[in-house]
Amino acid sequence: MELNTDLIFRFITQIFTYFVLLILIAILIFLVMGSLPAIKAFGLHFIVSTDWNPISKQFGGLPTIVGTLTTSIIALLIGVPISFGIALFLTELSPTWLKHPLRIAMELLAGIPSIIYGMWGLFVFAPAFGSHVQPWLSQHLGKLPILGVFFQGPPLGIGVLTAGIILSIMIIPFMAAVMRDVFAIVPDMLKESAYALGATTWDVERSIVLPYAKIGVMGSIMLGLGRAFGETMAVAFVVGNTHILSASLLMPGNTIASALANEFTEANGELYSASLIELGLVLFLITSALLFFSKLLLKKLAKYEAK
Amino acid sequence: MLSRHTERCFINSITLSLATFAMALSLFILGLILSVLLKEGLAGIHLSLFTRITQAPGTPGGLLNAMMGSLLMTGFAVLMGTPIALLAGTYLAEYGNNSHLAVATRFMNDVLLSAPSIVLGLFIYQLYVVNVHHFSAWAGSFALALIVIPVVVRTTENMFRLVPDTLREAVAALGTPKWKIITYVILRVSRTGILTGILLATARISGETAPLLFTALNNQFWSVHMNQAMASMPVVIFQYAMSPYDDWHQLAWSGALLITFWVLLLNIIVRVVFNQKPPLH
């Protein structure tokens, strides 16, 4: 009797484990099914085409894919050094009594809903950025020979660069938290040995901590990149939502997630919806692949730690 | 010429100053966002915010229907997601160990945890909305439940694993069957941790906009029918903030203040009442 209850209980938990596993497989199947019309109509050309014309039913994903990559790379360029600085401060510099409040502050920053970042970006950051920083950028950097092309254009406030900056603020708390954790596992013995040889804090950080935590830092960057790719609302507010591909970072652009948020409910016609779903599929595949690699890296780190 | 030592000390002080600056900058931005939110949001906090429903621009309105919608959809999402996740987490911690099913599910759970929320909305649209031919609050709840599940699966497994094996062996030595060990002993020992996970998942879905956009859509009228389109706080805030009307902007700021307050309150409850450190993921 009791044995049977045991078997039934185990069976029920197993069923729900399969259910969780199935969710992910179902997501993949339904996204592929939903995007079939677009895959049939455009094939691989979809990924390299810049057309986006609901009237003539021509759709291409290049502007949104490029936009997703550009905003995320900007977010990393700004976010990684700052996260590194925060992790360095928290592990090596902060007085003990300050560590706890600072941790709470970073959790607050991570906990604020993304729509709040979007509103703040649209109503507060973008106007200030457009009237104070962007004119300077296009005046001074816009004239540079090769780099200049990225900084030309009118100071609109919104645009690809603004979206990248807002994204960087959103991913910093996550990257900083992971970096702090991997810095914390560096054995004190190693650090103290270096200090005993006369190394400065920075010497220890650069020559002991970073090489030791290298893999973990890369994992944290991939984690941040994954979040930046998938972030929707904050970007939808400030990116400008246009499918016209522009070299300048000051011009409006688009990302996959933001295009979905703005256009999906208004998409009429099977091909339009299917094209948007295909973009969603591309996004899902990219973020899953990133997660896979960051897991792989962090697992490698755990192995080192065990040794 | 600087000696090698002076040079190293110089570089050291510069990099450490930069690190301190990075910390200060992020605190400054946090303060900036919260102060703007308080300043703009408080201006619109009146009783009518909680007693009136959303109106056309120009007509004084509130956010009552959006609050009710968020409450219903978040509530049902947690009610649907938690049992599934609890059972799956139990399997992973107590039975699965390193079996193929457990390893695959753990990985898929992590993928689900990191999946962009808008993709989850897209999935529910394809799975449910397309087949029933209308937007509904149920669809919104399903999409939100997909965010709850991976969070609770992970906390359940982690919390169960914290329970020492000696406790399991002690109870088993009394002749207790395994299902009783799990439900009567292990679940009770780790309920604080699991409750923490559920509260954090609630906090996370309270601010989620993207999965609701094409599942629950929006509804400018009062509705508590789960089978119809329903307003929610984040979607109304998005719609109002993107509109050109000043009174709608004001409502959006006040709504934004309310959900931020709610999300932070949940985090504080977790921290103070349960004395747990919320994991960042």
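First the proteins, then the strands, lettered A, B, ... as listed; each starts at 1.
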Q: Could you tell me which non-hydrogen atom of Ala241(B) sits nearest to which non-hydrogen atom of Met119(A), and how far apart they are?
A: CB-CG, 3.9 Å
Q. Checking Val111(B) against chain A: side chain, backbone, both or neither under 4.5 Å from a heavy atom?
A. both
Q. Could you state the interatomic distance from CG (Leu276(A)) to CG (Leu122(B)), rounded to the nearest 0.5 Å?
A. 8.0 Å
Q: For atom NE2 of His100(B), decide whether the heavy atoms of other residues, nucleotides or ligands shown that lie under 6.0 angstrom number more than 12.
A: no
Q. So which part of Ile116(A) gets closer than 4.5 Å to some heavy atom of chain B, the side chain, the backbone, both or neither?
A. side chain
Q) For Leu127(B), is it the side chain, the backbone, both or neither that has a heavy atom under 4.5 Å from a heavy atom of chain A? A) both
**Q.** Heavy-atom proximity to chain A below 4.5 Å, by part of Leu120(B)
**A.** side chain
Q) With a 4.5 Å limit on heavy-atom distance, are the side chains of Phe9(A) and Tyr95(B) in contact? A) yes
Q | Residue Ile237(B) versus chain A: region with a heavy atom under 4.5 Å | A | both
Q.
Walk me through whether Met23(B) and Leu102(A) qualify under side chain to side chain contact (heavy atoms under 4.5 Å, CB included).
A. CA-CA 9 Å; Met23(B) 189 73 235; Leu102(A) 286 179; 3.6 Å; yes
Q.
Within this structure, what is the CG-CG distance for the pair Leu24(A) and Leu112(B), rounded to the nearest 0.5 Å?
A. 5.5 Å
Q: Against chain B, label Leu109(A) side chain, backbone, both or neither, depending on which of its atoms sit under 4.5 Å from a heavy atom there.
A: both
Q: Could you tell me which of Thr287(A), Leu31(A), Thr201(A) has the largest number of non-hydrogen atom pairs under 4.5 Å with chain B?
A: Thr201(A)
Q.
Looking only at heavy atoms and a cut-off of under 4.5 Å, which of Ile29(A), Ile104(A), Leu90(A) has the most pairs with chain B?
A. Ile104(A)
(Q) Let's test your reading of the structure: which of Ser13(B), Pro83(B), Pro116(B), Gly96(B) forms the most heavy-atom pairs below 4.5 Å with chain A? (A) Pro116(B)
Q.
If I take atom CD from residue Gln14(A) and atom OG from residue Ser99(B), how far apart are they, to the nearest 0.5 angstrom?
A. 7.5 Å
Q.
Taking every non-hydrogen pair under 4.5 Å, which of Asn109(B), Ile259(B), Asp110(B), Ile11(B) racks up the most with chain A?
A. Asp110(B)
Q. Checking Thr183(B) against chain A: side chain, backbone, both or neither under 4.5 Å from a heavy atom?
A. side chain
Q.
Do Val263(B) and Pro113(A) make a side-chain contact, defined as non-hydrogen atoms from C-beta onward lying under 4.5 Å apart?
A. yes
Q | Leading residue by heavy atom contact count with chain B [cutoff under 4.5 Å; candidates Ile277(A), Ile12(A), Leu28(A)] | A | Ile277(A)
Q. Does atom OH of Tyr195(A) have more than 12 heavy-atom neighbours, drawn from other residues, nucleotides or ligands, at distances under 6.0 Å?
A. yes
**Q.** Contacting moiety of Phe123(A), where chain B heavy atoms sit under 4.5 Å
**A.** side chain
**Q.** Heavy-atom contact with chain A under 4.5 Å, split by part of Phe21(B)
**A.** neither
Q | Region of Leu22(A) in contact with chain B, defined by heavy-atom distances below 4.5 Å | A | neither
Q | Heavy-atom pair of closest approach, residues Ile86(A) and Ser26(B) | A | CD1-OG, 3.5 Å
Q: Any chance you could lay out the side chain to side chain contact (heavy atoms under 4.5 Å, CB included) test for Trp120(A) and Val36(B), step after step, and finish with the verdict?
A: CA-CA 8 Å; Trp120(A) 181 77; Val36(B) 169; 4.1 Å; yes
Q. Do any N or O atoms from the side chain of Asp6(A) and from the backbone of Trp179(B) form a donor-acceptor pair under 3.5 angstrom?
A. yes
Q. Contact part of Thr232(A) toward chain B, heavy-atom cut-off under 4.5 Å: side chain, backbone, both or neither?
A. side chain
Q: Let me know if Leu291(A) has heavy atoms under 4.5 Å from chain B in its side chain, its backbone, both or neither.
A: side chain
Q) Rounded to the nearest 0.5 Å, how far does CD of Gln126(B) lie from CD1 of Ile27(A)? A) 12.5 Å
Q | is_close_aromatic(Phe292(A), Phe107(B)), centroid dist under 6.0 Å | A | yes
Q: First locate atom OG of Ser114(B), then atom CZ of Phe229(A), and finally report the distance between them rounded to the nearest 0.5 Å.
A: 12.5 Å
Q | Segment of Leu32(B) engaging chain A (4.5 angstrom heavy-atom cut-off) | A | both
(Q) Quick check on Ile169(A) against chain B: is it the side chain, the backbone, both or neither that has a heavy atom closer than 4.5 Å? (A) side chain
Q: Could you have a look at Ile23(A), Ile112(A), Ile25(A), Ile15(A) and say which one has the most heavy-atom pairs with chain B under 4.5 angstrom?
A: Ile23(A)
Q | Greatest number of heavy atom pairs closer than 4.5 Å to chain B - which of Ala261(A), Ser288(A), Gly111(A) | A | Ala261(A)
Q | Flag if over 12 foreign heavy atoms under 6.0 Å of NZ, Lys99(A) | A | yes
**Q.** Option that, when pairs with chain A are counted at under 4.5 Å, heavy atom only, ranks first among Ala256(B), Gly207(B), Ala102(B), Ala22(B)
**A.** Ala22(B)
**Q.** Contact origin within Ala26(A) toward chain B - heavy atom pairs under 4.5 Å
**A.** both
Q. When you look at CG of Asn98(B), are more than 12 heavy atoms from neighbouring residues, nucleotides or ligands closer to it than 6.0 Å?
A. no
Q) What part of Leu260(A) gets closer than 4.5 Å to chain B, counting heavy atoms only: side chain, backbone, both or neither? A) both
Q: To the nearest 0.5 angstrom, please state how far the OG1 atom of Thr200(A) sits from the CG atom of Leu16(B).
A: 7.5 Å
**Q.** Top of Leu283(A), Ile256(A), Leu122(A), Ile172(A) for chain B proximity - count of heavy-atom pairs under 4.5 angstrom
**A.** Leu283(A)
Q.
Give me the atom names and distance for the closest heavy-atom approach of Phe284(A) to Ala115(B).
A. CE1-CB, 3.9 Å
Q) Under 3.5 Å, side chain of Asn12(B) to main-chain N/O of Trp202(A), donor-acceptor pair present? A) yes
Q. Which atoms of Phe30(A) come close to chain B, meaning under 4.5 Å heavy atom to heavy atom: side chain ones, backbone ones, both, or neither?
A. both
**Q.** Per-residue contact mode, Ala252(B) against chain A (heavy atom under 4.5 angstrom)
**A.** both
Q) Relative to chain A, which of Leu213(B), Leu30(B), Val119(B) shows the most heavy atom pairs under 4.5 Å? A) Leu30(B)
(Q) Testing the basics here: between Ala257(A) and Ile118(B), what is the closest heavy-atom pair and its distance to 0.1 Å? (A) O-CD1, 3.5 Å
Q: Apply ring-ring contact (aromatic ring centres under 6.0 Å, His included) to Phe238(B) and Phe237(A), showing your working.
A: CA-CA 8 Å; Phe238(B) 181 47; Phe237(A) 272 100; 5.3 Å; yes
Q. Where is the tightest heavy-atom contact between Ala199(A) and Arg8(B), given as atom of each residue plus distance?
A. CA-NH2, 3.8 Å
Q: Indicate yes or no: does Glu94(B) engage Arg10(A) in a salt bridge with an N to O separation below 4.0 Å.
A: no
Q | Heavy-atom pair with the smallest gap, counting every atom of Pro234(B) and Ile115(A) | A | O-CD1, 3.1 Å
**Q.** Greatest number of heavy atom pairs closer than 4.5 Å to chain A - which of Thr260(B), Leu86(B), Leu266(B)
**A.** Thr260(B)
